[in-house]
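Here is the structure we will look at, set down as structure tokens.
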There are 2 protein chains.
Amino acid sequence: MRNTGVTAQVVNAHACPVREVLDRVSGKWSVQILVAAAHGPIRFTELERSIEGISRRMLTLTLRNLERDGLVTRTVHPTVPPKVEYELTPVARELHETLLRLTDWAERNRVYIAQARADYDAERDPESESESEPT
Amino acid sequence: MRNTGVTAQVVNAHACPVREVLDRVSGKWSVQILVAAAHGPIRFTELERSIEGISRRMLTLTLRNLERDGLVTRTVHPTVPPKVEYELTPVARELHETLLRLTDWAERNRVYIAQARADYDAERDPESESESEPT
DNA sequence: CAGCATCCGCTTTGATACTG
DNA sequence: CAGTATCAAAGCGGATGCTG
């Protein structure tokens with residue numbers, strides 16, 4: 001995320017932006033957060049619970065990065081029990097749309113990929129799969 | 001890449017496929033390779049040189065994963081100096097198309113994001129930027 | 001409730017050297 | 001040419017404990 005360094009810049013102009021996106025989205029939780037927040041303003045704890053596997057630390061860190069990149073807005077309500085809401089920015093909503101295309105691709109080819117993996121693994125380690133017929 | 005574990009599955013059905021894609025593409029070099037190979041069959045060394053920052057090890061590993069997922073085909077030409085060519089599968093080409101959308105998003109909003117970052121950083125560390133006016 | 005700081009470990013990556 | 005094997009370094013993520 002933070003530092004791709006020189007390596008990313010040697011590739012064509014095609015790849016650079018791709019890397020940019022990826023670096024911004026490749027975080028283990030970034031996308032989940034984006035998805036969770038896509039429905040509208042959401043509180044810290046809400047996020048924490050809807051993603052669940054995430055730790056507080058990661059939620060905070062990722063949120064910060066997202067905020068830094070102008071993808072989410074952070075609104076603090078100075079109430080007695082603190083209340084902070086996060087919301088996607090228009091730019092992030094666009095990204096979310098794009099992410100949906102990827103989702104679509106994943107869904108359409110999920111079986112293909114699973115199969116490819118199975119085949120590949122079966123050939124490399126036939127021992128663990130007695131029911132297949134390599135030859 | 002290989003193991004997202006339980007954490008990925010607790011999120012909605014929306015996010016799962018996203019994670020799948022991400023896990024498959026989030027590798028530091030996966031996308032570059034996909035892009036580099038999108039032009040047609042390409043040899044190992046060609047890839048190594050066109051991506052440049054990549055190490056042999058990483059190129060091999062990433063290529064293997066891509067192959068395992070059925071995203072690239074590996075063709076070995078049994079010639080005296082070994083010749084191996086990699087090519088995207090139709091499925092990978094589709095992914096590549098989708099990646100292009102992301103690229104597009106990145107290009108369209110690159111400035112916005114850079115600005116957002118600058119602003120954010122300026123507010124957190126005004127010291128290093130004397131020319132801005134925090135207040 | 002929301003968030004930060006610290007420590008700690010696993011995974012990923014890189015450097016280097018060797019082989020069919 | 002196209003890998004593979006090994007080793008060490010780095011980054012990322014998790015657990016825990018402490019605040020406003």
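So you know, we letter chains A, B, ... as the sequences are listed, proteins then strands, and number each from 1. Since the structure is predicted, the reported quantities are computational estimates derived from the model, not experimental observations.
Side-chain nitrogen and oxygen atoms of A/Tyr86 include none within less than 4.0 Å of the OP1 or OP2 phosphate oxygen of C/dC1. Between A/Ser55 and D/dG13, a side-chain N or O to OP1/OP2 separation shorter than 4.0 Å is absent. Close to C/dT11, at under 4.0 Å from its OP1 or OP2, lies no side-chain N or O of A/Lys28.
Protein atom CZ of A/Arg43 is 14 Å distant from nucleotide atom C1' of C/dG3, rounded to whole Å. The separation between B/Leu59 atom CG and D/dT4 atom P is 11 Å, rounded to whole Å. B/Ile33 has its CD1 atom 14 Å from the P atom of D/dA2, to the nearest Å. Put simply, CG on B/Asn65 is 14 Å from P on D/dG3, counting in whole angstrom units. Taking atom CD1 of A/Ile42 as the reference point, atom C1' of C/dC1 lies 14 Å away to the nearest angstrom. Put simply, CG on B/Leu63 is 11 Å from C1' on D/dG3, counting in whole angstrom units. When the P atom of C/dG3 is taken as reference, atom CE of A/Met58 falls 14 Å away, rounded to whole Å. In this structure, CD of A/Gln32 is placed 14 Å from C1' of D/dG13, rounded to the nearest angstrom.
Looking at residues two or more places apart in sequence or on another chain, you find a side-chain hydrogen bond (donor to acceptor under 3.5 Å, both in side chains) between A/Asp69 and A/Arg24, B/Arg117. Under the rule for a salt bridge (Lys or Arg N to Asp or Glu O under 4.0 Å), B/Asp119 has no partner lying at least two apart in sequence or in another chain. Applying the salt bridge (Lys or Arg N to Asp or Glu O under 4.0 Å) rule to B/Arg101 yields no partners; only residues at least two apart in sequence or on another chain are considered.
Residue B/Arg64 has its side chain nearest to D/dG3 when only C/dC4, D/dC1, D/dG3 are considered.
The pair A/Arg110-A/Glu107 fails the salt-bridge criterion, with no side-chain N (NZ, NE, NH1 or NH2) lying under 4.0 Å from an Asp/Glu carboxylate O.
Mapping A/Lys83 and B/Leu61 onto DNA chain C via the closest heavy atom, the residue that lands nearer the 5' end is A/Lys83.
Residue pairs satisfying the salt bridge (charged side-chain N to carboxylate O under 4.0 Å, His left out) criterion with at least one member in residues 36-51 of chain B, sequence neighbours excluded, are listed as follows: B/Glu46-B/Arg49, B/Glu48-B/Arg56. Contacts classified as side chain to side chain donor-acceptor pair (under 3.5 Å) and involving residues 77-87 of chain B (residues at least two apart or in different chains) are given here: B/His77-B/Glu85.
Using a 4.0 Å heavy-atom cutoff across all strands shown, B/Thr60 reaches at least one base atom of the nucleic acid. When heavy atoms are screened at a 4.0 angstrom cut-off, A/Arg56 is found touching base atoms of the nucleic acid.
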Enumerate all atom pairs, one protein N or O and one N or O from nucleotides 5-7 of chain C, separated by less than 3.5 Å.
from  : atom 1 : to      : atom 2 : distance (Å)
C/dT6 : O4     : A/Arg57 : NH1    : 3.4

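Criterion: ILVMFWY side-chain heavy atoms under 4.5 Å apart, direct or through other members. Under it, A/Ile113 and B/Leu66 are part of a common hydrophobic cluster.
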